[in-house]
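Working notes, structure below.
Numbered from 1 within each chain, the chains take letters A, B, ... in sequence-line order.
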Amino acid sequence: MKKVLVIAGVTGVGKSKLGVTMAKLFNGEIISGDSVAVYKELTIGSAKISKDEMEGIPHYGIDILTLDKEHNVRNFQEYARQKIDEIAGRGKLPIIVGGSGLYIRALLYDYVFHSEQPLDISWTETLTNTELHKQLQAADPIQAGIIHENNRKRVIRALSIIRSTHQSKSELLSQQSQSIIYDAKVFACTMPRDILYGRLNQRVELMMMDGLLDEVSLAKSKAGWDHPAMMAIGYKEFKDYFESRISLEEAVALVQRNTRRFAKRQVTWFKHQMPCRWLDMSLESDIESAINEVREWMNH
RNA sequence: GGGGGGAUAGCGAAGUGGCUAAACGCGGUUGACUGUAAAUCAACUCUCCCUGAGUUCGGCGGUUCGAAUCCGUCUCCCCCCA
């Protein structure tokens with residue numbers, strides 16, 4: 001199995017920097033596991049790593065799409081696996097850095113995504129959550145038991161899977177073994193809640209000073225508010241501001257709150273969805289021991 | 001000095017005699033997660049020995065079988081007249 005180093009975890013704790021450090025120490029190259037930094041136009045709000053910060057280490061998966069395209073897990077999985085092969089083929093260590101849990105999990109484990117045509121889901125518009133859930137109950141009772149009726153997007157997705165693959169989501173899942181396909185060393189980075197929240201709040205202020213508003217304005221005129229990427233934190237909150245429903249201060253406060261909530265969700269994800277070695281990034285000693293562990297792991 | 005309005009859980013705000021430990025919103029916490037995932041969704045949020053009990057609606061005192069809700073009084077806040 002190919003060795004892959006993964007630096008996952010919470011937003012704003014210094015994953016990118018640690019990635020570069022590891023790359024320099026262990027002859028690595030970096031693949032971004034981030035669902036927003038892929039877009040060329042979204043830089044400030046996505047807290048994208050800058051050219052300087054890369055320190056000459058090759059980074060893949062950043063700025064590879066423009067806003068007229070749409071990204072998804074399947075594309076990411078395909079792209080990242082290919083990059084892993086290329087990097088490993090050159091005798092270097094592939095390092096995944098990012099906080100999109102599903103993306104990283106889908107990359108490392110044997111998730112199978114079938115080729116699907118974009119489906120027309122306009123037929124769902126006239127149906128209520130309950131009606132849609134009833135349909136799922138009939139077609140895929142296992143998933144119906146797992147997906148809450150109010151989780152409309154998931155219910156529709158489960159129904160769409162049946163239409164496009166003629167198999168239920170439960171059947172597709174049962175064909176996968178949930179096993180990992182790489183020799184992966186996975187770190188999940190975090191920080192004590194109070195320190196983290198202070199940093200995140202401040203990061204948003206800095207983004208504003210760096211011109212986030214202009215970036216959002218440009219992006220929305222290019223992609224429109226309905227583009228999936230514009231649903232990202234740091235972008236969607238400004239819709240109400242541009243349409244004069246809230247003040248700029250209110251919009252900024254919302255970005256901060258949503259960033260905090262997001263960080264919490266990331267902790268929950270990595271805590272329960274993937275075995276990880278947790279790192280408290282506020283402790284120098286944790287970072288040092290991580291480096292030692294990687295050194296150890298590289299020798300096996 | 002006179003007149004009027006108001007004080008409700010971390011915050012905002014309903015509630016005007018029993019169905020109220022108290023709607024709703026915000027904030028917070030916990031969790032779910034296989035193609036929008038920085039997305040989407042759920043649960044909890046007075047206290048405790050928590051399928052039950054205890055103490056709450058500015059303070060004190062009363063009316064009543066029963067009060068956040070009625071009466072008296074005190075404290076604080078806001079508005080108007082002087």
Do A/Leu102 and A/Tyr111 have side chains that get closer than 4.5 Å, going by heavy atoms?
-> yes
Using the P atoms only, state how far B/A38 lies from B/U47, rounded to an integer number of Å.
-> 33 Å
Base, sugar-phosphate alone, or nothing: which one does A/Val73 contact when heavy atoms must sit under 4.0 Å apart?
-> sugar-phosphate
Inter-nucleotide P distance (B/G72, B/U64), Å rounded = 16 Å
Test item: side-chain donor near acceptor, A/Thr43 and A/Lys48, under 3.5 Å = yes
Please find out if less than 6.0 Å separates the ring center of A/Tyr235 from that of A/His227.
-> no
With the side chain counted from C-beta on, respond yes when A/Glu78 and A/Phe113 share a heavy-atom pair under 4.5 Å apart, and no when they do not.
-> no
Atom CZ of A/Arg260 and atom P of B/U30: how far apart are they, to the nearest Å?
-> 14 Å
Give every residue pair that meets the salt bridge (Lys or Arg N to Asp or Glu O under 4.0 Å) criterion with at least one member in residues 278-298 of chain A, sequence neighbours excluded.
-> A/Lys185-A/Glu293, A/Arg277-A/Glu293
Taking atom P of B/G31 as reference, at what distance in whole Å does atom CZ of A/Phe270 sit?
-> 15 Å
Under a 3.5 Å limit for both distances, which nucleotide forms a Watson-Crick or G-U wobble pair with B/A53, could you say?
-> B/U47
Rounded distance in Å between the C1' positions of B/A7 and B/C60 | 16 Å
With a non-hydrogen cut-off below 4.0 angstrom, is A/Phe76 in contact with a base, only sugar-phosphate, or nothing?
-> nothing
OP1 or OP2 of B/G31 under 4.0 Å from side-chain N/O of A/Lys264 = yes
Just call it for A/Arg105: base, sugar-phosphate, or nothing, with non-hydrogen atoms closer than 4.0 Å on any strand.
-> nothing
Can you tell me how far P in B/C49 sits from the matching atom in B/C65, rounded to whole Å?
-> 37 Å
Does B/C41 pair with anything, Watson-Crick or G-U wobble, both distances under 3.5 Å, and if so, with which nucleotide?
-> B/G31
Which part of the nucleic acid, if any, lies within reach of A/Ser170 when heavy atoms closer than 4.0 Å are counted: base, sugar-phosphate only, or nothing?
-> nothing
Rounding to a whole Å, what distance do you find between A/Phe113:CZ and B/C33:P?
-> 15 Å
Below 4.0 angstrom from OP1 or OP2 of B/U36, is there any side-chain N or O of A/Tyr103?
-> no
With side chain to side chain donor-acceptor pair (under 3.5 Å) as the test, would you mind laying out the steps for A/Asp52 and A/Ser50 before giving the verdict?
-> CA-CA 5 Å; A/Asp52 285 350; A/Ser50 71; 5.3 Å; no
Which part of the nucleic acid, if any, lies within contact of A/Ser100, taking any heavy atom under 4.0 Å across all strands shown: a base, the sugar-phosphate backbone alone, or nothing?
-> sugar-phosphate
Please say whether more than 12 non-hydrogen atoms of neighbouring residues, nucleotides or ligands are located less than 6.0 Å from NZ in A/Lys17.
-> no
Quick one: are A/Ile181 and A/Met1 in side-chain contact, heavy atoms under 4.5 Å?
-> no
May I ask you to check whether A/Ser122 and A/Asp120 show a side-chain donor-acceptor distance below 3.5 Å?
-> yes
May I ask you to say what A/Leu172 touches in the nucleic acid, namely base, sugar-phosphate or nothing, with a heavy-atom cut-off under 4.0 Å?
-> nothing
To the nearest Å, give me how far apart CG (A/Asp194) and C1' (B/U29) are.
-> 15 Å
Atom CG of A/Asp226: over 12 foreign heavy atoms under 6.0 Å | no
Nearest-Å distance for atom pair CG/P, residues A/Leu196 and B/G28 = 13 Å
Might you confirm whether atom CD of A/Gln202 has over 12 heavy atoms from other residues, nucleotides or ligands at distances under 6.0 Å?
-> no
Just by modelled atom types, is the A/Ile147 backbone N or O under 3.5 Å from a matching donor or acceptor in the A/His133 side chain?
-> yes
Would you kindly say whether A/Glu86 and A/Gln82 are connected by a side-chain donor-acceptor distance under 3.5 Å?
-> yes
Quick one: what's the B/S/- string for nucleotides 39-45 of chain B, heavy-atom cutoff under 4.0 Å, read 5' to 3'?
-> BBSS---
Can you tabulate the close N/O pairs, meaning under 3.5 Å, that link protein atoms to atoms of nucleotides 11-13 of chain B?
none

Opposite nucleotide pairing with B/U73, Watson-Crick or G-U, both atom distances under 3.5 Å = B/G59
Heavy-atom nearest nucleotide on RNA chain B taken for A/Ile161 and for A/Ala37; more 5' hit belongs to A/Ile161
By salt bridge (charged side-chain N to carboxylate O under 4.0 Å, His left out) - contacts of A/Glu243 (at least two apart) = A/Lys239, A/Arg245
How many Å lie between CD on A/Gln266 and P on B/A32, as a whole number?
-> 15 Å
For B/C33, does either OP1 or OP2 sit under 4.0 Å from a side-chain N or O belonging to A/Arg157?
-> no
Within a strict 4.5 Å, meaning less than it, do heavy atoms of the A/Ile233 and A/Thr11 side chains meet?
-> no
In whole angstrom, give me the gap between the P atoms of B/U56 and B/U69.
-> 13 Å
Side-chain atoms of A/Thr268 come closest, of B/A38, B/U36, B/C33, to B/C33
Which whole-number value in Å describes the distance from A/Ile146 CD1 to B/G31 C1'?
-> 15 Å
How is A/Gly45 classified with respect to the nucleic acid when contacts are heavy atoms under 4.0 Å: base, sugar-phosphate, or nothing?
-> base
When you compare B/G62 with B/G28, how far apart are their P atoms, in angstrom units rounded to a whole number?
-> 43 Å
Counting only non-hydrogen atoms, which of residues 271-282 of chain A are less than 4.0 Å from RNA chain B?
-> A/Lys271, A/His272, A/Gln273
Could you tell me whether A/Glu149 contacts a base, only the sugar-phosphate backbone, or nothing, with contacts defined as non-hydrogen atoms closer than 4.0 Å?
-> nothing
In terms of side-chain geometry, is the basic nitrogen of A/Lys3 or A/Asp183 positioned less than 4.0 Å from the acidic oxygen of its partner?
-> yes
For B/G10, which nucleotide in any strand shown is its Watson-Crick or wobble partner with both distances under 3.5 Å?
-> B/C26
Quote, to the nearest angstrom, the C1' distance that separates B/A67 from B/C57.
-> 11 Å
How many Å lie between CH2 on A/Trp269 and P on B/A38, as a whole number?
-> 9 Å
NA contact type, A/Ser46, heavy-atom cut-off 4.0 Å: base, sugar-phosphate, or nothing?
-> base
Relative to each other, are the rings of A/Phe242 and A/Trp225 parallel, tilted or perpendicular (30° and 60° limits)?
-> tilted
Please state the P separation for the pair B/C44 and B/A22 - nearest whole angstrom.
-> 13 Å
Short heteroatom pairs, N/O only, protein and nucleotides 24-26 of chain B, under 3.5 Å:
residue: B/C26; atom: O3'; partner: A/Arg257; partner atom: NH1; Å: 3.4

